[in-house]
Protein chains: 2
Amino acid sequence: MSPPRLQDVAARAGVSTATVSRALSGKGHVSSRARARVQQAAHELGFVVSYHASSLASGRSRNIGVVLPYVDRWYFSTVLEGVAGALMEAGYDLSLYNFEGDRYRETVLTDFLLRKRLDAAVAISLHLNPAETQQLLAAGIPVLGVGGPLVGAPTISIDDHDVGRRATEHLIALGHRRIAHLGGAEEFGSHFPMSSDRRAGWEGAMAAAGLAVGPAWSVVSDYTFTDAYQRAKNLLADPADRPTAIFAASDEMAAGAVLAARDLGLTVPGELSVIGVDAHPIGEAFGLTTIDQHAREQGVHAVERLLEHLAGTNHEPVHEVLPAHFVVRSSTGPVPGSAGRS
Amino acid sequence: MSPPRLQDVAARAGVSTATVSRALSGKGHVSSRARARVQQAAHELGFVVSYHASSLASGRSRNIGVVLPYVDRWYFSTVLEGVAGALMEAGYDLSLYNFEGDRYRETVLTDFLLRKRLDAAVAISLHLNPAETQQLLAAGIPVLGVGGPLVGAPTISIDDHDVGRRATEHLIALGHRRIAHLGGAEEFGSHFPMSSDRRAGWEGAMAAAGLAVGPAWSVVSDYTFTDAYQRAKNLLADPADRPTAIFAASDEMAAGAVLAARDLGLTVPGELSVIGVDAHPIGEAFGLTTIDQHAREQGVHAVERLLEHLAGTNHEPVHEVLPAHFVVRSSTGPVPGSAGRS
DNA sequence: CTGAAAGCGCTAACAC
DNA sequence: GTGTTAGCGCTTTCAG
């Protein structure tokens, strides 16, 4: 037998389909008596509204798209967890669109996102150009950016420049003068727009303290543990000319650097201090000092903003900046051969 | 102005809506001339079919659900990447349902999955009981299980018992006699059903070799780097009575064990051999010997199977076993104080 | 507060 | 090969 329809419920409850719809959706006024009978009937029949019919008739689908460049990287999967949980609480479905770098960028943007089956979308650390953003907005899909700049759309993110500055100043305060940076490439800007900002924050703090920053200490990696491990090993190879501290743009890279140092026989933080960003769980075992950017909360908050937007009136593209917090553990300490200051 | 409808395209191309529908979907026969005009008109108007209308009318939604207990853990996010890519290639949408452990288990199963908006679902390493599986199947949603047993539904997975056996035999062949296991809890069985199988494989191999397996060497962890690090440290603390090798049920745990060993001053593989499972990228920097279970391919293959199922006739619940392969690196070696065999 | 009825935009028989 | 038309199952004016 086919699944029960709204009409079946109406018949059983002895009311019209309109009343059933109102009673079940909570929209419009229904006498509590009618409501009770409807709910009773719906329950007995095991009725579930048809998503497609409901969406077609109402124009809304209670479905939100999440667009991201990777799902198997910590930041993205963590934000995704936050988004998924918040949407679930709100009774929304979540459609996932993974660029896989840039592999499906075109496909997602043209074939998938425009099928008008989304009430809104959140773009995680994605650099959409104005044309792409406009395309979405023109299709009637409000977009919210998380962790990346989105021209013409509201965003939430942390202040990456400030994060870079604070991490660096923490090391400077410990007496370090020779501080290297391990971050993402500029070209990675399309997916990791924060990279250059964190690097700029480091450069700014170094300059403000009158410290030199050679190109050799401005290391470009790809945000993976393994690549960072290798690059840190190269960076630290020469005992005569190596930094005493490293600021890594992510905890995974920071952890890779710690492992590299150990493999070279260097103690952390005795001979090398390392600080990361993220509060990645792996940092705990490494005793990593880091700056927590509350990735999961970013996802939760993104959904709150988006639902407000859908419900409400406030459609200005506000760029909201979320706080990030120090988590000091044991990977940072006074510079070697000093009394230190901590 | 409102978006163009099928009718607008029909008018512009000078044909009926039925022809437009056929021309655009590729179903049914349309003269190439009509097809060309339709495509032309559709393009000029920027027409995109309405997903909801199409789904309502046809009963199919080109949307597949992915149900999993976590998204921020390597195995799950990697399988998810594979599934997402394969679905994208096939032009299917992907709806994500995250249990977050068991937090949303009920909600997902009752509120979300049954809304008849899914053509099918893949359950990643999820232990659905027969009633839950039946509920889905009864709702007309074919389910495929990846990496976990699903009663009454087709599945694909590796042979975890065999993996445990092979990993252990690798260590035994290197001369090890004191081999510990770091795996998941039995109770974790609801999400990591492979845990107990890998452990059983280890026990079996040890027994077959006539080797003792004390309860102290059968360590239960939670599949995280940090927990494994801590437990391995405890396991290795006593120099007088510690294993010479560890078989960990995942690379993350194996890496945690390697770090623990180093923090205790033990060399790997000189004083301790470690082998994991997964081919997690982090294993590279650790030089981890592992068994690759090809997680991404599991996801890709799951989609292939599901689409075949949707297209075809073969509806038997086949349990397919995929191969897993050794990746020998530098974390395993001859037992300490022996000439070794390799 | 409730019912009748007109669609929402497309697909799939069924005719021609 | 192509057009006609009856829905798909629900929401939402508009009356009452």
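Letters A, B, ... are given to chains in the order of the sequence lines, protein chains preceding strands, and every chain is numbered from 1.
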Asker: Using a cut-off of less than 4.0 Å, is there contact between a side-chain N or O of B/Thr19 and OP1 or OP2 of D/dG3?
Answerer: yes

Asker: Can you see whether A/His301 engages A/Glu304 through a side-chain donor-acceptor pair at a distance of less than 3.5 angstrom?
Answerer: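 Yes, side-chain donor-acceptor contact under 3.5 Å.
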
Asker: Using atom CG of A/Leu6 as one end and atom P of D/dT11 as the other, report the distance to the nearest whole Å.
Answerer: 6 Å

Asker: Can you give me the first and the last nucleotide of DNA chain C (5' to 3') that has an atom within less than 4.0 angstrom of a non-hydrogen atom in chain A?
Answerer: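 First and last nucleotides in contact are C/dC1 to C/dG9.
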
Asker: Could you tell me whether a side-chain N or O of A/Asp119 sits under 3.5 Å from a main-chain N or O of A/Arg62, the two making a donor and an acceptor?
Answerer: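 At least one qualifying donor-acceptor pair exists.
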
Asker: Output the rounded distance in Å from CZ (B/Arg117) to C1' (D/dG9).
Answerer: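 Atom-to-atom, B/Arg117 to D/dG9, this comes out as 16 Å.
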
Asker: Is any side-chain heavy atom of B/Ile64 closer than 4.5 Å to one of B/Leu307?
Answerer: yes

Asker: Salt-bridge test for B/Arg105 and B/Glu100: reply yes if a basic N is under 4.0 Å from a carboxylate O, no otherwise.
Answerer: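 Looking at B/Arg105 and B/Glu100, the cut-off is not met.
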
Asker: Any luck finding a side-chain donor-acceptor pair between A/Asn63 and A/Ser95 under 3.5 Å?
Answerer: yes

Asker: May I have the distance from A/Arg5 (atom CZ) to D/dT11 (atom P), rounded to whole angstrom?
Answerer: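 Nearest whole value for this atom pair: 14 Å.
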
Asker: Taking atom C1' of D/dT12 as reference, at what distance in whole Å does atom CG of A/Leu56 sit?
Answerer: 13 Å

Asker: From CD of A/Gln7 over to P of D/dT11, roughly how many Å is that when rounded to an integer?
Answerer: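 Interatomic distance, CD of A/Gln7 to P of D/dT11: 13 Å.
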
Asker: Both A/Thr17 and B/Val48 contact DNA chain C. Which one's nearest nucleotide lies toward the 5' end?
Answerer: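 It is A/Thr17 whose nearest nucleotide is closer to the 5' end.
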
Asker: Without hydrogens or angle criteria, can the side chains of A/Asp93 and B/Tyr97 be said to hold a donor-acceptor pair below 3.5 Å?
Answerer: yes

Asker: Between A/Ala18 and A/Ser58, which residue's closest nucleotide on DNA chain C lies nearer the 5′ terminus?
Answerer: A/Ala18

Asker: Bend angle of the helix from C/dC1-D/dG16 to C/dC16-D/dG1 from five-pair axes at both ends, rounded to 10°?
Answerer: 30°

Asker: To the nearest angstrom, how far is B/His29 atom NE2 from D/dG3 atom P?
Answerer: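 Interatomic distance, NE2 of B/His29 to P of D/dG3: 16 Å.
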
Asker: Report the residue from B/Val143, B/Asn129, B/Leu144 that forms a side-chain contact (heavy atoms from CB on, under 4.5 Å) with B/Leu150.
Answerer: B/Val143

Asker: Is there a donor-acceptor contact under 3.5 Å linking the side chains of A/Tyr104 and B/Glu89?
Answerer: yes

Asker: Less than 4.0 angstrom from a charged side-chain N to a carboxylate O is my criterion; do A/Arg37 and A/Glu44 meet it?
Answerer: no

Asker: NA contact type, B/Val20, heavy-atom cut-off 4.0 Å: base, sugar-phosphate, or nothing?
Answerer: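 The answer is nothing, as B/Val20 stays clear of every strand by at least 4.0 Å.
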
Asker: Pick base, sugar-phosphate or nothing for B/Arg33, based on heavy-atom distances below 4.0 Å to the nucleic acid.
Answerer: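 The residue B/Arg33 makes no contact with any strand.
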
Asker: What does B/Arg35 touch in the nucleic acid at a heavy-atom separation under 4.0 angstrom: a base, only the sugar-phosphate, or nothing?
Answerer: nothing

Asker: Taking the nucleotide of DNA chain D with the closest heavy atom to each, which residue, B/Ser16 or A/Ser25, is nearer the 5' end?
Answerer: B/Ser16

Asker: Give one of base, sugar-phosphate or nothing for A/Tyr51, where a contact means two heavy atoms less than 4.0 Å apart.
Answerer: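 It contacts nothing in the nucleic acid.
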
